[in-house]
Amino acid sequence: MRASLVQMLILVLALSACKGRQQHEVTETDSIPEMFPDYSGVTIPPNIAPLNFRITDGADKVVTTISGKNGSLKIVSDDNRVIIPSRGWSRLLNDNLGESLVFELTVLADGRRTSFRPFRVRIAEEPVDGYLVYRNLMPGFQNWNSMGIYQRDLSSFDVETVIDSRLLPGTCMNCHSFAMNDPGNMVLHLRESYGGTILHRNGVTEKINARAGKMFAAAAFPSWHPSGRYIAFSVNRVNQIFHATGTRRATALDLKSDIVLYDTDSHEMKIPDQLSRSDRFETFPCFSPDGKRLYFCSADSLSMPAGFDSVSYSIYSLAFDEEKGEFGTETDTPVSADAGGKSCSIPRVSPDGNFLMFTVSDYGAFPGYNPESDIRIMDLRNSNCFPADSLNSPDADSWHSWSSNSRWIVLSSRRMDGLYSNLYIAYIDADGIARKPFLLPQKDPGFYDSFLYSFNVPEFAVKPVQVSPYEIERLAKRTPPAPVQAGSSH
């Protein structure tokens, strides 16, 4: 009797052990896991926050090992999220410059363990500018009751307010811009309830009335001259139309636009004749990094809204004389809409002067609504123009800017769901070839599921914005704008 009980007990223990081994048996697969965000194969800067992600096809537990040539890090997660410790992540990045990190994942789901094929993330030697300044607003862009401009420390998840609707209710905030990625010289615009242009230069912050003489609207879409003395603006009369049918939700119409030049020393707003023609739309100015040329978009003036889907912008450039503060008269056309078959907008020259990045779409100058809008790059050293295929997606890609070392760009894209625009960062090599972009990392991988605002107008910055939101609020609410003089036209 006792022998039978002992044998039975041995059998039960053996079956239990066998069952346990079956539960923990690891299945290997040659695919990488379904995850969000998708960071596989991207190139990242050595000063970026941890690439936290989650397994999207179900996981009860995730064991992740991140290995580099020098060092490794193991993370055990009790749910489907992989949250990487900041200190260990920073050490891995610093110790493996120019190398790759290998991510190895084992996922426990429904009692089964699956070991996935490892994926790699390359660490570039060149850092990205430390800060990213952007605007958050509702995805339709037509509501300014709740919006703001914010700055993100890219080495962490810290976000600070530059200015928002809590401080300035009923105010549209836009067009923030820095001189050569340095917020020591900054301009941003406020419209509606507390209108005016906030200008910060050489430690002095003031509100100005960026409209003078025969200007038909206040200045917008600024570009700083590298000297910090001049700012080129476009003056736009813009309306929106909302489509009742079709795949396009809305279109922004450029009803009239010119380009003006503001001299911050003399407080003069010059209206150059060659940039304010009545038969042309002129918009989106951009100074070259050497300050010798101004790039801008221009198109034949058409009747609106009838011609909204026919207007097509080319990219032009003019010489600029810094000593005289005057533009030349001979216009070059680096990118012709007629030759390329696309309308061009948002020209941005890399800080090293080698590349011109711009957006193309079927028509118009505001590509944020156009799902076909893509990024293109021109090598200014040989005039070779090529599509930046790795940056583009089936939905709207636009609003891009360069890091100060010309190795990183950030762009706004609706690729995630076609409705919300989000920010993606990508490495650009010395030949202008772009690597796979990665979504701006967040502390919680579920952030984008519940965040109800779009990101747009991203600008890299080498240091934080120098002006507090309360200073901007005080100037906007209590200070009359300083007058701007109308300068002579040249």
Side-chain angles (χ1 to χ4, degrees), residues 131 133-137 143-151 159-225 227-238 258-271 285 325 456-457 459 461-487:
Y131 294 85
V133 183
Y134 53 84
R135 183 170 64 158
N136 281 144
L137 73 170
N143 187 338
W144 55 81
N145 291 326
S146 180
M147 68 165 58
I149 298 174
Y150 305 92
Q151 59 183 344
V159 177
E160 294 183 352
T161 301
V162 176
I163 188 66
D164 66 13
S165 298
R166 294 173 297 177
L167 295 174
L168 297 178
T171 304
C172 182
M173 306 147 192
N174 56 24
C175 298
H176 54 280
S177 179
F178 315 122
M180 304 298 288
N181 299 67
D182 188 345
N185 289 334
M186 179 187 77
V187 64
L188 66 85
H189 297 304
L190 305 173
R191 289 187 173 85
E192 304 304 328
S193 298
Y194 300 102
T197 296
I198 304 298
L199 177 65
H200 177 77
R201 180 174 179 257
N202 297 334
V204 177
T205 309
E206 59 183 337
K207 183 172 76 170
I208 64 173
N209 180 11
R211 182 175 181 177
K214 63 179 183 179
M215 291 171 59
F216 55 84
F221 304 119
S223 175
W224 285 84
H225 189 269
S227 67
R229 176 176 176 179
Y230 301 102
I231 309 174
F233 293 96
S234 66
V235 182
N236 300 74
R237 184 172 293 152
V238 179
D258 295 329
I259 289 176
V260 298
L261 181 72
Y262 180 59
D263 186 333
T264 61
D265 282 352
S266 64
H267 302 290
E268 287 184 312
M269 189 73 80
K270 300 179 181 181
I271 309 175
N456 76 347
V457 197
E459 294 285 339
V462 296
K463 61 184 179 183
V465 170
Q466 307 294 292
V467 188
S468 79
Y470 302 105
E471 175 71 1
I472 296 174
E473 177 195 24
R474 183 188 66 79
L475 287 169
K477 289 182 175 179
R478 304 175 188 176
T479 306
V484 171
Q485 302 173 16

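In what follows, every heavy atom counts, from backbone to side chain, and hydrogens, waters and symmetry copies are set aside.
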task = Using modelled atom types only, decide if a donor and an acceptor are shared between the side chain of Lys270 and the backbone of Val260 within a distance under 3.5 Å.
result = no

query = Can you tell me how far CG of Leu168 sits from CE of Met147, rounded to the nearest 0.5 angstrom?
reply = 11.5 Å

ask   = Quick one: does His267's side chain get under 4.5 Å of Val484's, heavy atoms only?
value = no

key: CA sep, side-chain torsions, deciding dist, call: Val235, Ile259, side-chain contact (heavy atoms from CB on, under 4.5 Å)   = CA-CA 6 Å; Val235 182; Ile259 289 176; over 6 Å; no

task = Measure from the side-chain N and O atoms of His225 to the backbone N and O of Ala232, and report whether any donor-acceptor pair falls under 3.5 Å.
result = no

query = Do you know the tightest heavy-atom contact between His200 and Gly184?
reply = CD2-O, 3.2 Å

note = ring-ring contact (aromatic ring centres under 6.0 Å, His included) filter on Tyr134, not counting sequence neighbours, yields Phe455

ask   = About how many Å separate CG of Asn456 and CG of Asn174, when rounded to the nearest 0.5 Å?
value = 9.0 Å

ask   = Checking Gln151 side chain against Val465 main chain: does a donor-acceptor pair fall under 3.5 Å?
value = yes

Residues 468-476 side chain polar contacts: donor-acceptor under 3.5 Å, at least two apart:
{"residue": "Ser468", "atom": "OG", "partner": "Tyr470", "partner atom": "N", "Å": "3.4"}
{"residue": "Ser468", "atom": "OG", "partner": "Glu471", "partner atom": "N", "Å": "3.1"}
{"residue": "Glu471", "atom": "OE1", "partner": "Arg474", "partner atom": "NE", "Å": "3.3"}
{"residue": "Glu471", "atom": "OE2", "partner": "Arg474", "partner atom": "NH2", "Å": "2.9"}
{"residue": "Glu473", "atom": "OE2", "partner": "Lys477", "partner atom": "NZ", "Å": "3.0"}

message = Donor-acceptor check, side chain of Gln466 to backbone of Pro464, threshold 3.5 angstrom: yes or no?
response = yes

From Leu199 atom CG to Lys207 atom NZ, the distance as rounded to the nearest 0.5 Å = 13.0 Å

ask   = Looking at OH of Tyr131 and CZ of Phe178, how far apart are the two atoms once the value is rounded to the nearest 0.5 Å?
value = 12.5 Å

ask   = Checking side-chain contact (heavy atoms from CB on, under 4.5 Å) for the pair Val467/Met186: CA distance, chi angles, key distance, verdict?
value = CA-CA 9 Å; Val467 188; Met186 179 187 77; 4.1 Å; yes

key: Beyond-backbone contact of Phe233 with Arg211, side-chain heavy atoms, under 4.5 angstrom   = no

Heavy-atom pair with the smallest gap, counting every atom of Met269 and Ala219 = CE-CB, 4.4 Å

query = So Tyr230 and Thr264, side-chain contact (heavy atoms from CB on, under 4.5 Å) or not? Walk me through it.
reply = CA-CA 6 Å; Tyr230 301 102; Thr264 61; over 6 Å; no

query = Just wondering, do Met215 and Ile271 contact through their side chains at under 4.5 Å, heavy atoms?
reply = yes

inquiry  = Just so I know, are the side chains of Phe221 and Asn236 near enough to count as touching, which here means a heavy-atom distance under 4.5 Å?
reply    = yes

query = Can you tell me how far the CD1 atom of Ile231 sits from the OG atom of Ser177, to the nearest 0.5 Å?
reply = 7.5 Å

inquiry  = Give me the atom names and distance for the closest heavy-atom approach of Ser193 to Gly170.
reply    = OG-O, 2.8 Å

message = Can you confirm if the aromatic rings of His176 and Tyr150 lie within a centre distance of less than 6.0 Å?
response = no

message = Go through it in stages, so that I can follow the logic: the residues are Val457 and Ile149, the test is side-chain contact (heavy atoms from CB on, under 4.5 Å), and I'd like the CA-CA distance, side-chain angles, deciding distance and then a yes or no.
response = CA-CA 9 Å; Val457 197; Ile149 298 174; over 6 Å; no

query = Taking NZ, NE, NH1 and NH2 as the nitrogens, is one of them in Asp265 or Arg201 under 4.0 Å from a carboxylate oxygen of the other?
reply = yes

message = I'd like to check Lys463 versus Pro183 (side-chain heavy atoms, cut-off strictly below 4.5 Å). Are they in contact?
response = yes

inquiry  = Treating Arg229 as the side-chain partner and Asp263 as the backbone partner, does any N or O pair qualify as donor plus acceptor under 3.5 Å?
reply    = no

query = Could you state the interatomic distance from CG (Leu188) to OG1 (Thr197), rounded to the nearest 0.5 Å?
reply = 8.0 Å

Taking every non-hydrogen atom, the tightest pair across Pro222 and His189 = CD-NE2, 4.2 Å

